[in-house]
**Q** 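Below is the structure I would like to discuss, written out as structure tokens.
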Amino acid sequence: MPELPEVEYTARQLRSSVVGATIREARVFWERTIGRPQLPDFLAEITEQRIEGIRRRGKFLLLDLSRDLFLSIHRRMTGNFLLLPPGWEIDIRLSETDPVAWKTKGPNFHPPVSAGASYNLETGHCRVCFVLADGRYLLFTDPRKFGRIELWPRTQEDVIFADLGPEPLSHTFTVERFTEALVRHRTGIKQALLDQQVVAGIGNIYADEALYYACIHPAHRADSLTSSEIHLLHEGIVAVLTLGIEHGGTSFNDYRDLWGQAGQNYNHVRVYHQEGKPCKRCNTLIERMVIAQRSTHFCPHCQAAPAIVE
DNA sequence: ATTTAGACCTGTCAGC
DNA sequence: TGCTGACAGGTCTAAA
């Protein structure tokens, strides 16, 4: 669910709120969320760890901890972080329907980042609760249980991310490198963009948006794009991801920020989930097709099908 | 060697 | 009201 902009936005919020805090303990309500190490070791090693820094790599959120460890979190489809201020009662109860339903109650709280916004009191699915030494709770909520949290020694970082492509918003994402990656792809360009080895952090929403930006049909073969098409697509990737971050991410369903608020980028999306609506450029109706088992949205006029699709 | 179903999971919504 | 099927920001694995 969260793609690069959503993870980046959460990382920035965490950076301004939990760096320097100490994790007193972790409570795990769905064991499979912890990918590594084994649960007893995870619980033992996480205790009294200081959060020294927050980083992001592709769609991975990284929490640098003391004692040369770091947490690697992948939220997959529905994972979210929610930070509860001190003084709140957290009621993680065992119900018949869902053993990890939680509810919160507390004073009206105004988060420090978006001034004026009030806290969102939705009930979620808490899979892991990090109890901070200052009394706050950092919750990992994840209805579909696909998200994974792993604890690694920092020395392993290069190994873990060896296969990840360049960061699209850094100088490592050059047109040259992008071109080389695409030439090796004999699939459609949409599929290539979803391949994290080509570029790190793009998912279904921003792949569609970037292709629309560059007026390229999603089924166009990746290895047959012209140089000017690749330049425009490169520009489009940077543009749509940057805008996504500025708008606090895209929430059409589950994504929420650290304070439980929805991202505003859904109001700025051009094609994603817009089938049947007129294209902002030419008024042609946006269409939907399935590519690589993923919903794909495009303007049939602006993004004309290439002469050779297969 | 690729491509594609299936798995992992729960929730929501449209249609009957 | 209740059931059924389609679908949802992702990625891995096994079968074709």
Side-chain angles (χ1 to χ4, degrees), chain A residues 1-11 29-36 56-61 72-81 95-102 122-127 140-150 160-161 163-165 168 184-188 190-210 219 221-223 237 240-241 243-245 247-257 262-276 288-297 309-310:
Chain A
M1 82 102 157
E3 305 179 31
L4 186 150
E6 293 74 37
V7 181
E8 176 63 26
Y9 194 70
T10 304
F29 303 98
W30 181 254
E31 282 200 36
R32 298 191 61 177
T33 299
I34 306 302
R36 201 211 96 99
R56 179 192 58 73
R57 181 75 174 91
K59 299 173 190 171
F60 291 89
L61 182 63
S72 158
I73 297 119
H74 199 303
R75 295 150 71 177
R76 297 286 174 89
M77 295 291 266
T78 57
N80 275 318
F81 272 107
S95 72
E96 313 102 60
T97 50
D98 190 340
V100 286
W102 57 267
E122 275 174 33
T123 299
H125 297 71
C126 181
R127 305 306 180 196
F140 181 71
T141 65
D142 186 19
R144 289 181 72 179
K145 301 175 176 173
F146 291 163
R148 290 294 177 267
I149 297 178
E150 300 181 344
I160 301 166
F161 299 124
D163 289 336
L164 260 194
R184 287 186 279 103
H185 258 269
R186 313 166 86 204
T187 62
K190 164 79 184 256
Q191 247 179 294
L193 289 180
L194 293 177
D195 182 345
Q196 301 299 295
Q197 294 191 45
V198 173
V199 198
I202 297 178
N204 211 29
I205 295 178
Y206 297 97
D208 283 3
E209 294 299 312
R221 273 191 52 156
D223 58 3
I237 288 168
V240 301
L241 292 178
L243 257 189
I245 296 169
H247 293 137
T250 306
S251 301
F252 77 86
N253 205 352
D254 294 310
Y255 165 73
R256 294 294 181 273
D257 71 8
Q264 294 307 303
N265 197 240
Y266 193 49
N267 304 129
H268 302 269
V269 136
R270 298 294 179 178
V271 287
Y272 186 76
H273 268 214
Q274 303 300 305
E275 65 264 39
R288 172 184 180 275
M289 66 186 291
V290 174
I291 291 180
Q293 294 133 262
R294 308 299 300 278
S295 242
T296 300
H297 316 79
V309 172
E310 288 294 323

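Convention: sequence-line order gives letters A, B, ...; per-chain numbering from 1. From a predicted model like this one, the values you see are computed outputs, not experimental measurements.
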**Q** What is the distance, to the nearest angstrom, from the CZ atom on A:Arg127 to the P atom on B:dC9?
**A** 10 Å
**Q** CG of A:Asp254 versus C1' of B:dC13: gap in Å, rounded?
**A**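 Atom CG in A:Asp254 sits about 13 Å away from atom C1' in B:dC13.
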**Q** Among C:dA8, C:dT11, B:dC9, which is the nearest nucleotide to the side chain of A:Arg76?
**A**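 Output: C:dT11.
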**Q** Quickly work out the A:Asp208 CG to C:dC7 P distance and round it to whole Å.
**A** 15 Å
**Q** Over all strands shown, is A:Asn253 touching base, sugar-phosphate only, or nothing at heavy-atom distances under 4.0 angstrom?
**A** base
**Q** So A:His185, base contact, sugar-phosphate only, or nothing? Heavy-atom distance under 4.0 Å.
**A**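 The residue A:His185 makes no contact with any strand.
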**Q** Is it true that A:Tyr206 and A:Glu6 share a donor-acceptor pair across their side chains at a distance under 3.5 Å?
**A** yes
**Q** Under the side-chain hydrogen bond (donor to acceptor under 3.5 Å, both in side chains) test, which residues partner A:Lys190, sequence neighbours left out?
**A**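 Counting only residues at least two positions away or on another chain, A:Lys190 forms a side-chain hydrogen bond (donor to acceptor under 3.5 Å, both in side chains) with A:Asn204, A:Asp208, A:Thr296.
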**Q** Rounded at 0.5 Å granularity, tell me how far NZ in A:Lys59 sits from CG in A:Leu4.
**A** 9.0 Å
**Q** So which protein N/O to nucleotides 1-6 of chain B N/O distances come out below 3.5 Å?
**A**
residue, atom, partner, partner atom, Å
B:dA5, N7, A:Gln293, NE2, 2.9

**Q** Of A:Arg144 and A:Leu194, whose nearest nucleotide on DNA chain C comes first from the 5' end?
**A** A:Arg144
**Q** Between B:dC9 and C:dG2, how many Å separate the two P atoms, rounded to a whole number?
**A** 28 Å
**Q** Could you state the CZ-C1' distance from A:Arg148 to C:dT13, rounded to the nearest angstrom?
**A** 14 Å
**Q** Return the stacking result for C:dG10 and A:Phe146: yes when the ring centres lie under 5.5 Å apart and the planes under 30°, no otherwise.
**A** yes
**Q** Could you summarise the pairing of DNA chain C as dot-bracket text, marking Watson-Crick and G-U pairs under 3.5 Å with ( ) or [ ] inside the strand and | across strands?
**A** .|||||||.|||||||
**Q** For the side chain of A:Ser295, starting at C-beta, report the closest nucleotide among C:dG10, B:dG11, C:dC7.
**A** C:dC7
**Q** Respond yes when some side-chain nitrogen or oxygen of A:His74 is under 4.0 Å from OP1 or OP2 of C:dT11, and no when none is.
**A** yes
**Q** With a 4.0 Å limit, can you tell me whether A:Lys145 has a side-chain N or O closer than that to the phosphate oxygens OP1/OP2 of B:dT10?
**A** yes
**Q** Hey, are A:Thr141 and A:Arg256 close enough side-chain-wise for a donor-acceptor pair under 3.5 Å?
**A** no
**Q** With sugar-phosphate meaning primed atoms plus P, OP1 and OP2, does A:Tyr206 contact a base, only sugar-phosphate, or nothing at under 4.0 Å between heavy atoms?
**A** nothing
**Q** Can you classify the ring geometry of A:His74 versus A:Phe60 as parallel (below 30°), tilted (30 to 60°) or perpendicular (above 60°)?
**A**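 Geometry flag for A:Phe60 against A:His74: perpendicular rings.
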**Q** Please report the distance, rounded to the nearest Å, between CE in A:Met289 and P in C:dC7.
**A**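 Rounded to whole Å, this separation is 14 Å.
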**Q** Given C:dC7, B:dC9, C:dT11, identify the nucleotide with an atom nearest to the side chain of A:Gln196.
**A** C:dT11
**Q** Would you mind telling me which of C:dA8, B:dT10, C:dG10 lies closest to the side-chain atoms of A:Lys59?
**A** C:dG10
